[in-house]
Amino acid sequence: MRGVAGDINLTDEDKSILSEALDIRREMDGYHGRVAFDDRNIEDILSMLAFNLLGGGTSDRNKLKAFTNAISKTIELACNITHPGIPTGPRAQYSAITEGNEIYRRFWKAMFERHKRGQALPTIITFNYDLVLERALLQLLTNTYYNSYDNPVPFKNISLDYQYKHFPQQDYDVNYASYGSFESKQGTVLKHSNTLKQPNSAHIELLKLHGSLNFPNSKSKSDSDLPSITSVIENPYIL
């Protein structure tokens with residue numbers, strides 16, 4: 001391990017998480033005599049660790065958790081699409097973020113053009129664990145790409161539905177706001193919505209068949225906590 005990810009120096013905690021996963025992978029070298037699998041393929045390793053759980057105990061459960069956390073850490077270190085999520089509270093501060101490849105924001109623009117033409121948004125199916133699509137969505141709608149003058153958003157509300165029982169559908173209102181102090185420019189912001197679905201709404205089904213870095217393994221203990229579509233959680237649900 002070189003101790004760096006791109007231009008980022010790994011913290012001691014990062015190194016510990018990744019080193020533990022490497023140790024687990026080395027332990028599995030002995031499996032080659034009994035079964036054919038690729039110890040460079042994370043899905044093969046996850047499958048073996050999950051299989052061990054069927055007849056194993058706490059040690060096997062801890063190994064699966066440690067490897068899952070290492071996957072989560074690796075993906076985050078490699079991801080250049082960022083977003084802090086939707087701020088809450090009466091004095092919530094919004095900021096326009098355009099980090100990362102523009103292609104993901106263009107993807108959502110193309111989806112919204114379908115809605116503008118009266119076409120239903122297609123269900124999106126992915127095997128990826130990352131939060132790139134979610135963050136790019138918030139980057140686009142918390143920004144100055146749209147305004148109420150000559151380029152309005154083609155809907156008033158938007159919902160994101162994972163069809164996952166431990167992560168309820170997220171509903172947002174699209175509002176217009178000014179960005180900048182001196183030469184202000186109008187853009188859009190998202191706010192959590194408690195209203196019923198309105199006629200001019202966009203519904204996005206995002207099916208993540210192998211799990212996601214923001215999927216909890218079980219329902220949150222606090223029903224009042226709003227889950228975040230852009231934040232990685234500890235011990236996420238990954239298949």
Side-chain angles (χ1 to χ4, degrees), residues 2-11 13-14 17-18 42 68-88 92-115 121-147 151 153-155 158-162 164 167 170 172 174-180 185-192 202 204-215 226-234 236-238:
R2 297 181 297 113
V4 295
D7 298 329
I8 302 173
N9 291 320
L10 301 183
T11 66
E13 181 183 3
D14 293 340
I17 291 172
L18 298 176
I42 60 174
T68 298
N69 286 335
I71 292 172
S72 175
K73 179 62 65 177
T74 301
I75 291 173
E76 274 299 278
L77 288 170
C79 183
N80 65 359
I81 305 290
T82 64
H83 201 280
I86 298 175
T88 58
Q93 297 293 316
Y94 290 83
S95 58
I97 298 172
T98 55
E99 292 181 0
N101 198 315
E102 180 70 19
I103 192 171
Y104 299 106
R105 293 181 288 275
R106 291 205 304 266
F107 168 82
W108 287 119
K109 287 181 185 179
M111 292 295 102
F112 298 163
E113 282 300 311
R114 287 179 57 92
H115 187 277
L121 296 181
T123 296
I124 301 168
I125 300 176
T126 176
F127 297 100
N128 292 351
Y129 314 124
D130 62 60
L131 305 178
V132 167
L133 288 178
E134 293 93 326
R135 291 170 179 173
L137 177 65
L138 264 60
Q139 284 186 351
L140 180 63
L141 293 178
T142 310
N143 219 307
T144 57
Y145 290 96
Y146 296 97
N147 62 69
N151 188 29
V153 178
F155 45 80
I158 187 170
S159 60
L160 180 66
D161 188 0
Y162 290 117
Y164 176 56
F167 203 119
Q170 300 298 293
Y172 308 104
V174 180
N175 295 337
Y176 293 94
S178 295
Y179 286 83
K185 186 176 181 181
Q186 194 188 70
T188 54
V189 296
L190 290 180
K191 293 187 177 181
H192 289 282
I204 299 170
E205 276 193 333
L206 178 56
L207 309 184
K208 309 184 83 168
L209 302 188
H210 284 186
S212 180
L213 298 188
N214 61 351
F215 279 9
L226 286 173
S228 172
I229 64 173
T230 61
S231 298
V232 176
I233 65 171
E234 185 178 356
Y237 185 52
I238 289 180

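In this chain, residues are counted from 1 in sequence order.
- Looking at Y129, its side chain never comes within 3.5 Å of a backbone N or O of Y237 through a donor-acceptor pair.
- A salt bridge does not link K73 to E76: none of the charged side-chain nitrogens sits closer than 4.0 Å to a carboxylate oxygen.
- Of all the heavy atoms in N128 and T126, the pair that sits closest is N-OG1, 3.0 Å.
- Residues L131 and I229 are not in side-chain contact: their nearest non-hydrogen atoms beyond the backbone lie 4.5 Å or more apart.
- Between the side chains of S72 and N69, no donor-acceptor pair is found at a separation under 3.5 Å.
- Rounding to the nearest 0.5 Å gives a distance of 10.5 Å between OG of S231 and NE2 of H83.
- Atom CE of residue M111 and atom CD1 of residue I158 lie 11.5 Å apart, to the nearest 0.5 angstrom.
- The shortest distance between side-chain heavy atoms of L133 and W108 falls below 4.5 Å.
- Taking the six-membered ring for Trp and the full ring otherwise, the centers of F155 and F112 sit less than 6.0 Å from each other.
- A distance of 12.0 Å separates NZ of K185 from OG of S178, quoted to the nearest 0.5 Å.
- Listed by chain and residue number, E134, N214 satisfy the side chain to side chain donor-acceptor pair (under 3.5 Å) test with Y162 (two or more places apart in sequence, or in another chain).
- Of all heavy-atom pairs between V189 and A177, the closest is CG1-CB, 4.0 Å.
- For the residue pair V132 and C79, the shortest heavy atom distance occurs at CG2-SG, 3.9 Å.
- Annotation: side chain of D14 is in contact with side chain of T11 (closest heavy-atom distance under 4.5 Å).
- Two residues are said to be in side-chain contact when any heavy atoms from C-beta on lie closer than 4.5 Å; V153 and Y145 fail this criterion.
- To the nearest 0.5 Å, atom CG of residue L213 and atom CD1 of residue I238 are 5.0 Å apart.
- When all heavy atoms are compared, the tightest approach of T142 to Y179 is C-OH, 3.3 Å.
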In a table with atom names and distances, give each donor-acceptor pair under 3.5 Å that connects a side chain of residues 93-100 to protein atoms at least two apart or in another chain.
unit_1: Q93; atom_1: NE2; unit_2: R91; atom_2: O; d: 3.4
unit_1: Y94; atom_1: OH; unit_2: L190; atom_2: O; d: 2.8
unit_1: E99; atom_1: OE1; unit_2: T82; atom_2: OG1; d: 2.6

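- Using a 4.5 Å cut-off on side-chain heavy atoms (C-beta onward), L137 and I204 make contact.
- The two residues R105 and A136 make their nearest non-hydrogen contact at CG-O, 3.9 Å.
- Y104 OH: 12 or fewer foreign heavy atoms inside a 6.0 Å radius.
- Annotation: the span from L140 atom CG to E102 atom CD amounts to 8.5 Å, rounded to 0.5 Å.
- Here the OG1 atom belonging to T188 is positioned 9.5 Å from the CG atom belonging to N151, to the nearest 0.5 angstrom.
- Dense packing is recorded around CG of L209, with more than 12 heavy atoms of other residues, nucleotides or ligands lying under 6.0 Å away.
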